[in-house]
Number of protein chains: 2
Amino acid sequence: MMLLDDRKQRILQAIIDDYISTAEPVGSRTVARKHELGLSSATIRNEMADLEEMGYLSQPHTSAGRIPSDKGYRFYVDKLMKVRELSADETESLRKAMEVRISEVNQLLKQASSVMSRFTNYTSVAVTPQMKKSVIKAIQTLPIDTGKALVVVVTNAGVIRNSIVKISESILPDTLTRIANFLNDKLSNMTIEKVDKSIFNEIERELVIPGKVVKPILDAVTHCIKQIDCPEVYLDGAINIFNHPEFRDISKAKEFLSVLDEKYVLYSIMDSVSNDRLINVLIGAENKVEEIKDCSLVTTTYSLGGMTIGSIGVIGPTRMEYSKVISSMKFIREKLNQEINKLLGDVDED
Amino acid sequence: MMLLDDRKQRILQAIIDDYISTAEPVGSRTVARKHELGLSSATIRNEMADLEEMGYLSQPHTSAGRIPSDKGYRFYVDKLMKVRELSADETESLRKAMEVRISEVNQLLKQASSVMSRFTNYTSVAVTPQMKKSVIKAIQTLPIDTGKALVVVVTNAGVIRNSIVKISESILPDTLTRIANFLNDKLSNMTIEKVDKSIFNEIERELVIPGKVVKPILDAVTHCIKQIDCPEVYLDGAINIFNHPEFRDISKAKEFLSVLDEKYVLYSIMDSVSNDRLINVLIGAENKVEEIKDCSLVTTTYSLGGMTIGSIGVIGPTRMEYSKVISSMKFIREKLNQEINKLLGDVDED
DNA sequence: AATTAGCACTCGACAAACTAGAGTGCTAAC
DNA sequence: GTTAGCACTCTAGTTTGTCGAGTGCTAATT
């Protein structure tokens, strides 16, 4: 495959920069005028025809300027784009926005998502991963009231779930404590994927307590574990899409928003993004969901002790300010990792 | 003020029924044709002119049919509308949709909201109320790991919040239990609005435990209480608005969605609705938020032992299928109250 | 051989002009 | 009190024409 020579690259960059800021197809004259390449429009015209043939640009219709194709954006993001430095004001406001007392990891993610959407003017998504590999740290049962108890499950990733159970009123707090201790012995330090029916059966056999009390508690534990494993999706700044002309058409806006409404679709997209890089960029049809094939997605993940505990992404039109999004996301990622450590740092020890 | 005679009422009803189903301004001919009132279009024309003068109808422009005004809808909802009975299929599918094992009240609300939006094809909002009047049932501290403990607060309304605290590693589980017992003695059965700085100061004075441990735990309790009191807003079916022609205009859709995005605006609307009736209907400009002055809101609340623990609403264009919305909401309300009782029935005892 | 100027052509966006149709208000007849 | 008839109004949709930006090609220039 033919490579882009230096001049072609500069022209491509000029076109994409221009298109990102104006949203209008870019013509040869514009390139010649605005960017000082020392070339006439005719020359640029020829180069643009080449770039189109090579698949980096496309034409909405014959007598319009060119717009970047997915391939064009890909090249731009990988090779051409100048990384934008955040100004002091910007870092300051991001830093401030992340300074909130937060007690659970999910809340932190949610907050980060909100910050990103406001800062970038795009829509932001945050998801918690499947937690199959996370480890149970503690299980506790608390008497709340006559006939009621609370079951709490805590994992090494700082996720906490609880569930109320009705129990016979004759159960003494001590009994509950005994059950909790037994559950802790059996289950703590296990990954949740390993917790299954057979273990519960075993527990039910070994733990002989009069009155039907063990079963409902085990059910509650199961329920908590299911909830821990069940990924959550947070969304922010959905209406930001109305700021971008590509969604002026109502049916486009609807398509986009309908994807956001289906949380599991969103989840599967976020989940399928490979996370081999710090920041991942998925351009246009690189994602498989038809409805958002004109959108790009910039994502990153957070981890604690080698375990991914959440990922966050910004989604907007392919004509996205990649530079701004990527640099702010790097910053937020950093900040978020710090916060997570502050919060849970020493809980984890692998 | 002049009252509507029987014929005017029937004509008004015909017009509104028609407009609700077609979304097109209704002309005199249409009324004469579709609804068998035994009157000619000319007569109806005269009556319509009267109805307009009286404020029940309005004309988008001189040579169009009439559309109902807010006042017209109000009369329709209060007096004219035939209550729609849900079919067996419909009740069945609603009943099924509400059958999910759910452990916390908020989840239940969220589920109800989702069901309503799917069933009605409008957007649904659910909010938890301010919980100032709710009563602390239990506070517990759990050791999770060396240097970490979990603080859990439970209220009579079934709301549970927790917060992680870092504590010195030398604190023994027994000490934690002692602290918890002390907190329970002091705080349980108090309404959360009564819990303030001075009580915490008192506790800090009386509860002498070496090592800085009491303070962080109290902070965590404060944090949990703040969270309990902090209302939450759930949203579902936002894209449903695209099904309705009044939002075909992108700026209208944006206005609507921007209100949904501002959770606190939504909250304040839902909160301000008087709940003196089973089902409340707020039509058009009856709500004070400019952006949704062309929308109506149908709401209801759920309570447990006299305390409101959540409210849910459906929001859509003023041209709403009030009948369907109201009847399904009645059903969901019923169902939800049952579920809440099943879940928390005997926790509460006033 | 690469670059540029020049020119005919294409196409979409926009505005002006026109048409069809639905609905009204009014008057006069029933 | 009700209805038929008619002139009038206004919107939505279509047609037509114009403008301008941009292209591709060819021939001249460096």
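In what follows, chains are A, B, ... by sequence order, proteins preceding strands, each numbered from 1. Quick caveat, the model's predicted, so the values are computed rather than measured. Excluded from the calculations below are hydrogen atoms, water molecules and symmetry mates; all remaining heavy atoms, backbone and side chain alike, are included.
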Looking across every strand, which nucleic acid part, if any, lies under 4.0 Å from B:A64 by heavy atom: base, sugar-phosphate, or nothing?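 B:A64: backbone/sugar contact only, no base atoms under 4.0 Å.
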Run the salt-bridge test on B:R74 and B:D70 with the 4.0 Å N-O cut-off and return the result as yes or no.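 Answer for the salt bridge query: no.
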Testing the basics here: between [X] and [Y], what is the closest heavy-atom pair and its distance to 0.1 Å?
X      : Y      : answer
B:I292 : B:I269 : CD1-CD1, 3.6 Å
A:V233 : A:Y267 : CG2-CB, 4.0 Å
B:S323 : B:V83  : OG-C, 3.8 Å

Under 30°, 30 to 60°, or over 60°: which ring-plane class applies to A:F247 and A:F256, parallel, tilted or perpendicular?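 Rings of A:F247 and A:F256: tilted, 30 to 60°.
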Any idea how B:F75 and B:Y56 line up, ring-wise: parallel (<30°), tilted (30 to 60°), or perpendicular (>60°)?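 Ring orientation of B:F75 relative to B:Y56: perpendicular.
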Picking from [options], which would you name as closest to the side chain of [X]?
X     : options                : value
A:S63 : C:dT24, D:dC25, D:dA21 : D:dA21
B:R45 : C:dT4, D:dC6, C:dT3    : D:dC6
B:R66 : D:dC10, C:dG25, D:dA4  : C:dG25

Nearest-Å distance for atom pair [atom1]/[atom2], residues [X] and [N]:
X     : N      : atom1 : atom2 : answer
B:L57 : C:dG23 : CG    : C1'   : 14 Å
B:L39 : D:dG1  : CG    : C1'   : 11 Å
B:H61 : C:dT24 : NE2   : P     : 11 Å
A:E47 : C:dT3  : CD    : P     : 7 Å
B:N46 : D:dT2  : CG    : C1'   : 9 Å
B:R7  : D:dG1  : CZ    : P     : 10 Å
B:I44 : C:dC26 : CD1   : C1'   : 18 Å
B:Q59 : D:dC10 : CD    : C1'   : 10 Å

Is the cationic atom of B:K324 (NZ for Lys, CZ for Arg) positioned less than 6.0 Å from the six-membered ring centroid of B:Y122 and within 45 degrees of its normal?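 Cation-pi check for B:K324 and B:Y122: fails.
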Near-strand residues of residues 241-251 of chain A, defined as heavy-atom separation under 4.0 angstrom from DNA chain C: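 Heavy-atom cutoff 4.0 Å gives no residues at all.
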Give the residues of residues 10-37 of chain A touching DNA chain C, defined as any heavy atom closer than 4.0 Å, sorted by residue number.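 Heavy-atom contacts with DNA chain C come from no residue of residues 10-37 of chain A; none.
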Criterion side-chain contact (heavy atoms from CB on, under 4.5 Å) against A:R319, the qualifying member of A:S21, A:S296, A:P68, A:P245: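 Only match with A:R319 under side-chain contact (heavy atoms from CB on, under 4.5 Å): A:P245.
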Closer than 3.5 angstrom, by distance alone: can the side chain of B:T299 be matched with the main-chain N or O of B:I312 as a donor-acceptor pair?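 Checked: no pair found.
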Quick check on D:dT2: is either OP1 or OP2 less than 4.0 Å from any side-chain nitrogen or oxygen of B:T43?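 Negative; the distance criterion is not met.
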